[in-house]
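Okay, so here's the structure we're looking at.
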Amino acid sequence: QWNDWVYRGNWEYAVETLHRTNNFPEFTGRVCPAPCESSCVVGINREPVTIREIERTIAEEGWRQGLIVPQPARKKTGKRVVVIGSGPAGLAAAQQLVRMGHEVAVLEKNEQPGGLLRFGIPDFKLEKTVIDRRLEQLRAEGVVIRTGVRAGRDVTMEQLRSEFDAI
């Protein structure tokens, strides 16, 4: 569907549709090896669809046009969640949870958030400013990120329960 919205020049719908299934298309659009492209049925008659390039383009155009903005929850649930690790899975979980109205804190053992995105992928594949841009959005949505904290070592489960309000 988002391919069709791009074809029609409707970037707003393309951004919205893509984000329904991918929290961070600008990450996957840069680092995914795109094995699906060689399986694309369009490749029978012509060049296959370059899905990762389209994802990246939609995301970057969305940022450029101001279509990707914080989406804080309209209603709070009163529930609190701690996510351990700020890699792509942890950040996606944190974003989904905070948008549902939960209070969310992310604990990261490293000095900066991003996990594998920041420390495992070189800049020529994924610029760190791209990660930082998303982190700003998550913080604006209400996600609290604490770095330099090793869950189970630096902080116990009981401390998580009692310290959450201080996070």
Side-chain angles (χ1 to χ4, degrees), residues 1-77 79 81-106 108 110 112-145:
Q1 182 65 52
W2 40 264
N3 281 330
D4 189 49
W5 291 125
V6 169
Y7 174 76
R8 296 173 188 277
N10 191 328
W11 292 101
E12 183 176 0
Y13 285 174
V15 167
E16 179 185 319
T17 305
L18 179 56
H19 277 93
R20 285 186 199 146
T21 58
N22 186 342
N23 287 67
F24 313 122
E26 68 274 29
F27 300 165
T28 55
R30 285 173 167 79
V31 301
C32 178
C36 58
E37 291 178 10
S38 62
S39 301
C40 180
V41 296
V42 174
I44 294 170
N45 299 320
R46 55 189 161 171
E47 289 296 311
V49 175
T50 55
I51 293 176
R52 72 179 213 158
E53 294 300 322
I54 296 169
E55 282 185 359
R56 180 180 177 173
T57 300
I58 291 170
E60 291 307 321
E61 190 63 21
W63 284 107
R64 192 183 72 68
Q65 290 188 29
L67 301 171
I68 300 174
V69 296
Q71 298 176 36
R74 293 186 181 129
K75 183 179 168 190
K76 300 293 183 182
T77 65
K79 296 180 181 178
V81 180
V82 174
V83 174
I84 309 299
S86 66
L91 293 176
Q95 187 170 57
Q96 292 299 316
L97 290 163
V98 80
R99 287 180 176 182
M100 291 171 60
H102 306 315
E103 288 181 63
V104 180
V106 176
E108 170 57 50
N110 292 306
Q112 289 185 301
L116 182 63
L117 297 169
R118 184 172 303 279
F119 298 108
I121 300 172
D123 279 340
F124 72 88
K125 290 287 270 178
L126 178 63
E127 303 88 354
K128 302 320 172 225
T129 56
V130 174
I131 301 166
D132 294 337
R133 177 175 64 187
R134 272 299 178 173
L135 290 168
E136 286 178 32
Q137 179 192 31
L138 269 70
R139 287 181 176 114
E141 291 175 348
V143 175
V144 174
I145 301 171

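Just so it is clear, the values below take in all heavy atoms, side chains as well, and ignore hydrogens, waters and symmetry mates. All values derive from a computational prediction rather than experimental measurement.
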Do Glu60 and Arg64 make a side-chain contact, defined as non-hydrogen atoms from C-beta onward lying under 4.5 Å apart?
no
For the atom pair OG1 (Thr21) and CH2 (Trp2), what is the distance rounded to the nearest 0.5 Å?
7.5 Å
Start with the C-alpha distance between Arg133 and Gln137, add both sets of side-chain angles, then the distance that settles side-chain contact (heavy atoms from CB on, under 4.5 Å), and finish with yes or no.
CA-CA 7 Å; Arg133 177 175 64 187; Gln137 179 192 31; over 6 Å; no
Provide the closest heavy-atom pair for Val98 versus Gly142 in the form atom of the first, atom of the second, distance.
CG2-C, 3.9 Å
Pair Glu16 + Arg20, salt bridge at N-O below 4.0 Å:
yes
Any ion pair linking Arg118 and Glu108 (charged N to carboxylate O, less than 4.0 Å)?
no
Within the distance-only criterion (no hydrogens, no angle test), does the side chain of His19 pair as donor or acceptor with the backbone N or O of Val15 below 3.5 angstrom?
yes
If only atom types and distance count, is the side chain of Lys75 paired as donor or acceptor with the main-chain N or O of Ala73 below 3.5 Å?
no
Mind checking the CG-NE2 spacing from Leu97 to His102? Nearest 0.5 Å is all I need.
5.5 Å
Is any side-chain heavy atom of Val69 closer than 4.5 Å to a side-chain heavy atom of Leu67?
no
Checking side-chain contact (heavy atoms from CB on, under 4.5 Å) for the pair Gln96/Asn23: CA distance, chi angles, key distance, verdict?
CA-CA 9 Å; Gln96 292 299 316; Asn23 287 67; 3.0 Å; yes
Arg134 side chain reached by Leu91 side chain, heavy atoms, under 4.5 Å
no
Contact between Val144 and Val106 at the side-chain level, heavy atoms closer than 4.5 Å - yes or no?
no
Validation row: Asp123, Lys128 side chains within 4.5 angstrom (heavy atoms):
yes
For a quick test of reading the model, state the closest non-hydrogen atom pair linking Pro113 to Leu135 and the distance between them.
CG-CD1, 3.6 Å
Mind checking the CD1-CG spacing from Ile131 to Leu126? Nearest 0.5 Å is all I need.
4.5 Å
Are any non-hydrogen side-chain atoms of Gln112 and Phe119 less than 4.5 angstrom apart?
yes
Can I get a per-line list of side-chain donor-acceptor pairs under 3.5 Å for residues 46-57, giving both atom names and the distance, sequence neighbours left out?
| from | atom 1 | to | atom 2 | distance (Å) |
| --- | --- | --- | --- | --- |
| Arg52 | NH1 | Cys32 | O | 2.7 |
| Glu55 | OE1 | Thr28 | OG1 | 2.7 |
| Thr57 | OG1 | Glu53 | O | 2.8 |

Verify, without hydrogens or angle tests, whether Asn22 (side chain) and Phe24 (backbone) share a donor-acceptor contact under 3.5 angstrom.
yes
Please indicate whether Lys76 has more than 12 foreign heavy atoms, meaning atoms of other residues, nucleotides or ligands, lying under 6.0 Å from its NZ.
yes
Between Asp132 and Val130, is a side-chain contact (heavy atoms from CB on, under 4.5 Å) present by the stated rule, with each step listed?
CA-CA 6 Å; Asp132 294 337; Val130 174; over 6 Å; no
Check for a donor-acceptor pair, side chain of Ser86 on one end and backbone N or O of Gly114 on the other, with a separation under 3.5 Å.
yes
Between Glu141 and Gln71, is there a side-chain donor-acceptor contact under 3.5 Å, judged purely by atom types and distance?
no
Mind running side-chain contact (heavy atoms from CB on, under 4.5 Å) on Leu138 and Val104 for me, showing each step along the way?
CA-CA 10 Å; Leu138 269 70; Val104 180; over 6 Å; no
Write down the atom of Pro88, the atom of Leu117, and the distance for their closest heavy-atom approach.
CD-CG, 3.8 Å
